[in-house]
J.: 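Below is a structure I'd like to ask you about.
If you're wondering where the values come from, they're calculated on a predicted model, not measured in any experiment. By convention in this document, chain letters (A, B, ...) are assigned in the order of the sequence lines, proteins followed by strands, and residues within each chain are numbered from 1.
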2 protein chains.
Amino acid sequence: MAARATGKSGKQPTINDVAALAGVSKKTVSRVINRSEFITEKTRLAVQQAIETLGFVPNPQARALAFRRNFLIALLHDNPNAQTVLNFQQGVLDAIKDSDLALLVRPVDRGSGAMLEDVRIFLEKQRPIGAMLLPPISENDELAALCESLGVRYVRVGSALLDDARHCVSSNDREVVAEAVRKLIALGHRRIGFVRGPAGFRSAAEREKGFHEALEEAGLSLADDHYAPGNYRYTAGVEAGEKILSLAEPPTAIFCSNDEMAAGVMSVAHGKGMAVPGELSIIGFDDSPTATHIWPTLSTVRWPIREMGVRAARTLVADFLGKEAKLAEDESPVLPSTFIERQSVAPPPPR
Amino acid sequence: MAARATGKSGKQPTINDVAALAGVSKKTVSRVINRSEFITEKTRLAVQQAIETLGFVPNPQARALAFRRNFLIALLHDNPNAQTVLNFQQGVLDAIKDSDLALLVRPVDRGSGAMLEDVRIFLEKQRPIGAMLLPPISENDELAALCESLGVRYVRVGSALLDDARHCVSSNDREVVAEAVRKLIALGHRRIGFVRGPAGFRSAAEREKGFHEALEEAGLSLADDHYAPGNYRYTAGVEAGEKILSLAEPPTAIFCSNDEMAAGVMSVAHGKGMAVPGELSIIGFDDSPTATHIWPTLSTVRWPIREMGVRAARTLVADFLGKEAKLAEDESPVLPSTFIERQSVAPPPPR
DNA sequence: TTGTATGCGTTATCAA
DNA sequence: TTGATAACGCATACAA
């Protein structure tokens, strides 16, 4: 570890120390730090040199005060799925690792009427350069408008494009669900059940669309009693399973709009002595840890959530830094999900 | 929403606006904000009044610069368990909700040789008032020393007391594991297997101690081939299950040092056609979502992780604010875990 | 108990 | 292209 030279006393060196050592004004040092264009290569090098030898690191608090903006990006979420949030965080941190940005995490309560006001106060106080909105709150247009009005850049993460490309990172839920259901059909399944996500969630709607899309292509349709509503929680899966699997002629496969509900359906199947996948195939969505922890392991859709975190952060940073870190023109804001086959899917039993 | 009166122009009101309106100096306003003692109730009220009507919120960046300290608390972790981290975060946020603190999240890589240096740079830049260390990095004494030397308060979270009470929040893994194993013994189990956590983790050692404690009390001992090492991951549970359950005379119960490994053991049991809990009882640890998503549901130990988050944050805040927010004398830094009985435990099969 | 002058470390303004 | 000086919004030392 390089011995960090001290400025005057034993404190951290400041911009003044650098200026003195380099024989320039502190504004010039500031220009170097902020990559100003109007500076000769020679003075830049001299300043860089001084910065190096002093081990100078700009004080973020002072910069924040002067810039009227904190070098932070905020993650706003109200997500029931811990793994999703944490994977996303991980991606964000990958992306900002070498910048001088830090991550501020803020869970919000979409149930509370004060949510918007809470977020406003949070953003006004912390003044991050940008905010990332995870689903389901990413679907809230007022929230996006709030960020806009406060001068906080934002990126909305979702299951489909929710906004213009500059403000979006999304997956392609509809397409990949359709693909998964086509696989079931190709295996010979004709009676396929569906457990929906919560009303008002765009992801739930997208997955449902994909499901019907595949069915219709094959000239099939969803029987009323093969459908169950849900809320992305295990218990909803249990209720759905109890409803659908108690039928005289239950479906031979069920698509569940997330893994937790799929686990619920599977528990009911086990409880009823139905073999999975022998008598019942099950597909989930998320590729959460649950998908591999249950038995048999669950076929599901992997959401590229970590990559989405990287992309969201890069979008924010690109927007902030301007041309320097611009995303390539051809980088689509849609990151594809992939269907993952595991043990819970097999051909339907012979009649 | 109350119309927020503006100070001079359309900007946010500053301490100057408040001082002008209240007819006092800005230093007096500052005293009110920082709860100085030397102030008359009358002026305090006048200032409070002015703050209210202006909707004044102190600018955290300016405070940070003047205080040489950011009003943030940092969460440092390198935890494989997303749910744990997020629950802890939730607790922390509960605790700081009404303060003007915000949460900074920083995953670190304990595998990297640069971890300490990374953390140092992070803390020097962000200057949080305190840091919370989650296991396993909470067990790193150098990290604690680093915080100390940088003047950053810290709290270490663990499975047992790792430091003096001021710097600790812990559970009582040893005791509660012993309790759980005693239940197995009381049910009649005599051959009980054990799947250990990773070497070098204090939690793994504590749980192991508790396991042996209960066995010894009952005059039992752990057979060599009923033991398997592990690393807290599902795959380790699978390996352990394959080893232990392939024995001619396998144990009738297995204690796994966390839920993921328990899920792995359970999968193997299912695969071998062993009934759980009919032929094999299984106990896990963590009460993660997995515990209730698998079938049958898993008896496990609930770690009061969210409460630990609350406590950790309160400890930091108390330390920061001094007497005002002091923790009660009798608040122990040990928050008890509890054993939760679900479906995966039953008496052993008759011989 | 209150106010004045000054500092915190950086960026912005505008003239040179 | 550079530099002197004034913000940025608040806290501290010291005086009143």
Side-chain angles (χ1 to χ4, degrees), chain A residues 6-9 11-47 50-51 54-72 100 124-127 129 151 320, chain B residues 6-9 11-47 50-51 54-71 100 124-127 129 151 320-321:
Chain A
T6 54
K8 284 180 177 173
S9 49
K11 301 288 179 186
Q12 303 229 353
T14 77
I15 199 171
N16 288 312
D17 302 320
V18 176
L21 182 61
V24 297
S25 76
K26 56 194 221 178
K27 178 59 199 174
T28 299
V29 177
S30 171
R31 287 197 177 93
V32 172
I33 295 171
N34 295 298
R35 300 181 176 75
S36 161
E37 309 171 39
F38 312 103
I39 210 164
T40 43
E41 196 54 27
K42 197 180 129 200
T43 53
R44 174 200 300 288
L45 285 174
V47 172
I51 289 177
L54 288 176
F56 166 73
V57 179
N59 177 315
Q61 286 77 42
R63 300 188 81 194
L65 181 58
F67 269 127
R68 280 106 161 262
R69 195 101 277 171
N70 236 324
F71 281 45
L72 298 173
D100 22 52
E124 278 184 348
K125 285 185 68 162
Q126 298 302 329
R127 296 180 179 240
I129 63 166
F320 179 63
Chain B
T6 53
K8 284 180 176 173
S9 48
K11 300 289 179 186
Q12 302 229 354
T14 77
I15 198 171
N16 288 311
D17 302 320
V18 176
L21 181 61
V24 299
S25 77
K26 58 192 221 178
K27 176 57 204 175
T28 300
V29 177
S30 172
R31 287 200 176 89
V32 172
I33 295 171
N34 294 299
R35 299 181 176 75
S36 162
E37 310 172 36
F38 312 104
I39 209 163
T40 44
E41 196 54 25
K42 197 179 129 200
T43 54
R44 173 199 299 288
L45 286 175
V47 172
I51 289 177
L54 288 176
F56 167 71
V57 179
N59 177 316
Q61 286 78 42
R63 301 187 80 194
L65 182 57
F67 268 126
R68 280 105 162 254
R69 196 100 276 171
N70 234 326
F71 282 47
D100 22 53
E124 279 183 348
K125 285 186 67 163
Q126 297 302 329
R127 297 181 178 237
I129 64 166
F320 179 63
L321 291 181

J.: How does each nucleotide of nucleotides 1-13 of chain D score, in 5' to 3' order, for protein heavy atoms under 4.0 Å: base (B), sugar-phosphate only (S), or none (-)?
T.: SBBB---BBBBB-
J.: When rounded to the nearest 0.5 angstrom, what is the spacing between CZ in Arg63(A) and CG in Leu65(B)?
T.: 13.5 Å
J.: Please determine which of Val47(A), Leu21(A), Ile51(A) meets the side chain to side chain contact (heavy atoms under 4.5 Å, CB included) test together with Phe56(A).
T.: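 Testing Phe56(A) for a side chain to side chain contact (heavy atoms under 4.5 Å, CB included) against Val47(A), Leu21(A), Ile51(A) leaves exactly one candidate, Ile51(A).
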J.: To the nearest 0.5 Å, tell me how far Leu54(A) CG sits from Thr14(A) OG1.
T.: 9.0 Å
J.: I need the CG-P distance between Leu54(A) and dG9(C), as an integer number of Å.
T.: 14 Å
J.: Examine distances only and state if a side-chain atom of Gln61(B) and a backbone atom of Gln126(A) form a donor-acceptor pair shorter than 3.5 Å.
T.: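 Yes, because the side chain of Gln61(B) sits within donor-acceptor range (under 3.5 Å) of the backbone of Gln126(A).
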J.: Please enumerate all residues that pass side chain to side chain contact (heavy atoms under 4.5 Å, CB included) together with Ala19(B), with sequence neighbours excluded.
T.: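 If we apply the side chain to side chain contact (heavy atoms under 4.5 Å, CB included) test to Ala19(B), skipping adjacent residues, the hits are Lys26(B), Val29(B).
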J.: CG of Asn70(B) versus C1' of dC8(C): gap in Å, rounded?
T.: 13 Å
